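Quick notes on the structure that follows.
Source: prediction; values computed, not measured. Just follow the structure's listing: the first ligand is 1, and inside any ligand the first atom is 1.
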Amino acid sequence: MQPTDKIWFNGKFIAWDDARIHVLSHVIHYGSSVFEGVRCYETSAGPAIFRLADHTRRLVESAKIYRMSLPFSAEEINDATVELVRVNGLRSCYIRPVAIRGYGEIGVNPMKNPVDLYIACWEWGKYLGEEAINHGVDVCVSSWTRPAPNTHPTLAKAGGNYLNSQLVKMEALTDGYAEGIVLDHNGVVSEGSGENIFVVRDGKVYTTPMTSSILHGITRDSVMRIARDFGYEIVETALPREFLYIADEIFFTGTAAEVTPVRSIDRIPVGSGDRGPITARIQKEFFELVHGDKPDRFGWLSPVGVPASAGLVR
Ligand code: PPE
């Protein structure tokens with residue numbers, strides 16, 4: 001990770017190296033954080049943040065689920081995010097807002113601890129590799145299961161949820177795969193360790209529903225809207241594991257993963273074993289939209305303005 005100049009902390013910009021917390025902060029012991037992952041893309045009109053308001057909304061909602069009162073409004077968080085990217089003079093980056101239960105008391109009850117909000121950003125390339133975007137990744141079905149309903153709420157993007165994701169990811173990597181697909185407590189497909197999943201069969205585009213223990217991804221929503229625009233039928237339904245083995249095409253979506261094709265599952269080739277045509281079409285449209293190569297017809301981009309490094313604003 002390449003450090004940048006500033007991190008936003010509770011309304012102020014602080015130096016990257018000063019963004020430290022005490023070892024007895026509540027979050028360290030009990031996983032009590034909610035966070036977001038947002039991307040800012042380079043466009044011909046300068047950097048632009050992709051679906052910022054939707055990410056901030058999900059952050060606020062994740063906090064709400066955990067009875068965490070954020071010390072800043074959605075509007076203030078949006079403004080701070082834009083300002084952070086500008087102050088760091090980045091043309092493109094990954095942005096990580098994170099709200100933590102901080103230092104004060106120890107014990108499960110988090111309600112006496114302060115809630116601290118940080119926003120950091122840094123340059124982050126392709127999540128599953130450059131080659132992955134063009135030719136796809138080899139993945140497995142994980143031996144782990146996603147949290148059951150009414151255990152760890154998966155619609156909250158909470159730090160603690162990622163213990164499950166880490167088990168999935170480590171197992172997949174150890175066994176020679178790029179990623180793992182996790183089943184839910186009913187044994188049907190949920191999602192990847194950090195991505196939603198789409199399956200194409202007979203020209204229809206399938207994705208797993210909110211009731212399959214997924215995070216309701218913002219990239220997932222973007223891809224559904226793009227695919228609908230193209231006239232594809234979108235089917236949001238529970239998918240049996242073996243549906244993956246007879247798919248024509250499969251791809252992952254996520255802020256970090258963007259739109260990444262899957263070329264094999266458990267060493268069984270998906271379709272031709274390379275990126276499929278519908279995946280390629282959706283992926284191309286996605287990248288053109290995020291980079292502003294096409295008019296922003298969905299209103300997804302928040303322009304950052306002139307980078308501070310250009311010397312015009314500080
Ligand atoms: N499911 C999970 C479990 C998940 O973590 C993500 C994002 C998604 C689906 C896709 O959601 P969205 O980004 O809104 O399209 N995972 C983030 C964290 C990745 C990481 O390694 O950290 C991300 O992609 O930013």
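Identified under the ring-ring contact (aromatic ring centres under 6.0 Å, His included) test for residues 266-288, with sequence neighbours left out: F50-F286. Pairs engaging residues 194-223 under the ring-ring contact (aromatic ring centres under 6.0 Å, His included) rule: F198-F251, Y206-F243 [sequence neighbours left out].
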Contact table ligand 1 N or O to protein N or O, d under 3.5 Å:
residue	atom	partner	partner atom	Å
ligand 1	1 (N)	E191	OE1	2.7
ligand 1	5 (O)	K157	NZ	3.4
ligand 1	5 (O)	Y162	OH	2.5
ligand 1	13 (O)	T255	N	2.9
ligand 1	13 (O)	T255	OG1	2.6
ligand 1	14 (O)	R58	NH1	2.8
ligand 1	14 (O)	R58	NH2	2.9
ligand 1	14 (O)	I218	N	2.7
ligand 1	15 (O)	I218	N	3.3
ligand 1	15 (O)	T219	N	2.9
ligand 1	15 (O)	T219	OG1	2.5
ligand 1	16 (N)	K157	NZ	3.3
ligand 1	16 (N)	G194	O	3.3
ligand 1	21 (O)	Y127	OH	2.5
ligand 1	22 (O)	R96	NH2	3.1
ligand 1	24 (O)	T255	N	3.3
ligand 1	24 (O)	A256	N	2.8
ligand 1	25 (O)	Y94	OH	2.5

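A donor-acceptor contact closer than 3.5 angstrom is absent between the side chains of T253 and E258. A donor and an acceptor atom, one from each side chain of S222 and R51, are located under 3.5 Å apart.
Listed by chain and residue number, N186, V188, S190, S212, S213 satisfy the side chain to side chain contact (heavy atoms under 4.5 Å, CB included) test with D184 (two or more places apart in sequence, or in another chain).
Considering F72, Y118, W16 as possible partners of W8, the one that fulfils the ring-ring contact (aromatic ring centres under 6.0 Å, His included) test is F72.
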